[in-house]
Amino acid sequence: MESSPLTEYVAYPSIVGDVRGYLARPDAGPSSRPALIVVHEWTGLIPYVEDVCRRLAREGYVALAPDLYSGDLARAAMAVEDLDAATELGRAPTVEEGLREVPAERRKAVLRAHEWRQARTGDKYLLFLQGTLAYLRERRDANPSAIGAIGFCMGGRLASTLAATGAELAAAVSFYGPNPPLADVPNIRCPIQGHYGSEDPSVTLKVPALEAAMKAADKEFTQYVYEGAAHGFHNDTRPDYHPEAARVAWERALDFLQHHLQEAARR
């Protein structure tokens with residue numbers, strides 16, 4: 001029988017305040033292992049993200065998902081369902097038209113979530129991620145030379161953006177994440193792998209620009225586009241879940257991470 005990972009909620013500092021996170025790790029084996037920062041979608045540290053951490057722990061990683069909304073009281077008051085509806089609202093021709101598709105009793109909450117989302121910037125999130133990287137480096141069970149990042153949606157962009165700050169990552173994987181700032185690509189110090197859906201044009205059509213910037217800067221970038229898959233295709237709790245694309249992308253991500261993190265661990 002497959003053993004269950006050890007899990008716990010942890011708290012650690014960053015330069016902009018304490019971060020809460022969900023940690024999963026193998027229950028036996030080497031005392032120091034490769035580690036991964038798991039960067040959540042814009043809906044936050046939801047059960048799906050915690051499940052991803054447990055999956056990675058079963059593969060032998062110390063996996064830590066920081067709650068990028070730590071201390072955000074406005075976010076804490078929002079239901080995931082309202083955040084999902086706010087995503088659809090953002091895709092509508094106008095906010096007014098989108099709200100007509102929302103039940104009347106939820107319109108205020110969905111509009112609040114939409115406005116909250118529009119006001120977000122990634123600056124504080126990056127500082128939380130940098131604090132997460134520092135925390136993992138100090139843990140005895142994590143190999144400080146073999147730390148990577150994997151992110152989904154907003155988290156995919158943040159994983160690659162963290163790499164583009166020059167962070168000492170061994171690898172980064174982006175699932176349908178918008179491009180990091182292309183001007184910062186020369187700062188990247190690790191290979192990056194991206195997974196995208198053919199039915200996600202707002203993200204996928206911009207990937208060639210990232211590919212060109214990575215090539216021009218002599219950086220390693222591998223990207224895959226999955227036919228018939230929409231944005232969020234890996235999330236098995238969402239309507240856009242695409243089982244086959246999710247399976248293949250996950251296998252490719254695991255192979256990529258194993259190669260680069262194990263290689264880093266041997267240096």
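On a predicted model such as this, the values are computed, not experimentally measured, just so you know. Computation of the quantities below employed the complete heavy-atom set of this structure, encompassing side-chain atoms and omitting hydrogens, waters and symmetry-equivalent molecules. Numbers here simply count residues along the sequence, with the first being 1.
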If you compare all heavy atoms of A164 against all heavy atoms of I188, which two are closest, and at what distance to 0.1 Å? CA-CG1, 3.5 Å
Set out, in order, the CA-CA distance, both residues' side-chain angles and the distance that settles side-chain contact (heavy atoms from CB on, under 4.5 Å) for C153 and H231, then state yes or no. CA-CA 8 Å; C153 181; H231 189 83; 3.1 Å; yes
Y69: ring pair (Phe, Tyr, Trp, His ring centres under 6.0 Å) partners, not counting sequence neighbours: H40, W116, Y125
Mark yes or no for whether N179, through its side chain, and K206, through its backbone, hold a donor-acceptor pair below 3.5 Å. yes
Grab the two heavy atoms, one from L127 and one from S14, that are nearest each other, plus how far apart they are. O-CB, 3.8 Å
For a quick check under 3.5 Å, do E50 and Y9 share a side-chain donor-acceptor pair by atom type? yes
Measuring from atom CD of E101 to atom CZ of R107, what distance do you get when rounded to the nearest 0.5 angstrom? 9.0 Å
Do V173 and H195 have side chains that approach each other closer than 4.5 Å (heavy atoms only, starting at C-beta)? yes
Between the side chains of Q262 and H260, is a donor N or O closer than 3.5 angstrom to an acceptor N or O? no
Please name all residues satisfying side-chain hydrogen bond (donor to acceptor under 3.5 Å, both in side chains) with Q258, sequence neighbours left out, ordered by chain then number. none
Between OG on residue S198 and CG on residue L205, distance to nearest 0.5 Å: 10.0 Å
Step by step, would you call Y226 with F233 a ring-ring contact (aromatic ring centres under 6.0 Å, His included)? CA-CA 9 Å; Y226 301 88; F233 67 79; 5.3 Å; yes
Could you walk me through whether R112 and E115 pass salt bridge (charged side-chain N to carboxylate O under 4.0 Å, His left out), step by step? CA-CA 5 Å; R112 189 182 311 118; E115 292 173 343; over 6 Å; no
State which residue, out of K108, R106, R117, fulfils the salt bridge (charged side-chain N to carboxylate O under 4.0 Å, His left out) condition with D82. R106
About how many Å separate OG1 of T165 and CG of L158, when rounded to the nearest 0.5 Å? 11.0 Å
Derivation of the side-chain contact (heavy atoms from CB on, under 4.5 Å) call for E244 and R247: CA-CA 5 Å; E244 181 61 13; R247 181 188 66 79; 2.6 Å; yes
So, using salt bridge (charged side-chain N to carboxylate O under 4.0 Å, His left out) as the criterion, who are the partners of D27 when residues are at least two apart? none
Greater than 12 external heavy atoms within 6.0 Å of E138's CD: no
Let me see the working for R55 and D236 under salt bridge (charged side-chain N to carboxylate O under 4.0 Å, His left out), right down to the final yes or no. CA-CA 13 Å; R55 293 186 222 177; D236 57 5; 3.5 Å; yes
So, taking the atom named CD1 in I147 and the one named CG in L64, what distance separates them when rounded to the nearest 0.5 Å? 10.0 Å
Within 45° of the ring axis of Y61 and under 6.0 Å from its six-membered ring centre, is that where the NZ or CZ of R25 lies? no
Minimal non-hydrogen separation, S174 against R157, with atom names: OG-N, 4.2 Å
Approximate separation, where rounding is to 0.5 Å, of L99 CG and T94 OG1: 8.5 Å
Is the backbone N or O of G166 less than 3.5 Å from a side-chain atom of R189, with the two atoms forming a donor-acceptor pair by type? yes
Quick one, E8 with Y22, criterion side-chain contact (heavy atoms from CB on, under 4.5 Å). Give me CA distance, side-chain angles, the key distance, then yes/no. CA-CA 6 Å; E8 60 180 314; Y22 180 82; over 6 Å; no
Determine the minimum heavy-atom distance between V80 and R238, stating which atoms define it. CG1-NH2, 3.8 Å
Might you point out which heavy atoms bring A149 and L169 nearest each other, and give the distance in Å? CB-CD1, 4.1 Å
Can D255 and R252 be counted as an ion pair, charged N to O under 4.0 angstrom? no
Would you check if the side chain of R75 reaches a backbone N or O of T43 as a donor-acceptor pair within less than 3.5 Å? yes
Measure the CZ-OG distance between R58 and S4 for me, rounded to the nearest 0.5 Å. 7.0 Å
Is it true that Y12 and R139 share a donor-acceptor pair across their side chains at a distance under 3.5 Å? no
Is it true that Y48 and H234 share a donor-acceptor pair across their side chains at a distance under 3.5 Å? yes
For the backbone of R20 and the side chain of S70, can you confirm whether one donor and one acceptor N or O come within less than 3.5 Å of each other? yes
Among L36, L56, L6, L23, whose side chain to side chain contact (heavy atoms under 4.5 Å, CB included) with V62 holds? L23
Under the 6.0 Å and 45° cation-pi test, does R120 pair with W42? no
Evaluate H242 against E199 for side-chain contact (heavy atoms from CB on, under 4.5 Å), listing each step before the verdict. CA-CA 11 Å; H242 192 296; E199 307 308 303; over 6 Å; no
Are any non-hydrogen side-chain atoms of N235 and Y241 less than 4.5 angstrom apart? no
Determine the sole option in L45, T132, L133, V38 for which the side chain to side chain contact (heavy atoms under 4.5 Å, CB included) test with P66 is passed. T132
Shortest non-hydrogen contact from A24 toward T7: CB-CG2, 3.9 Å
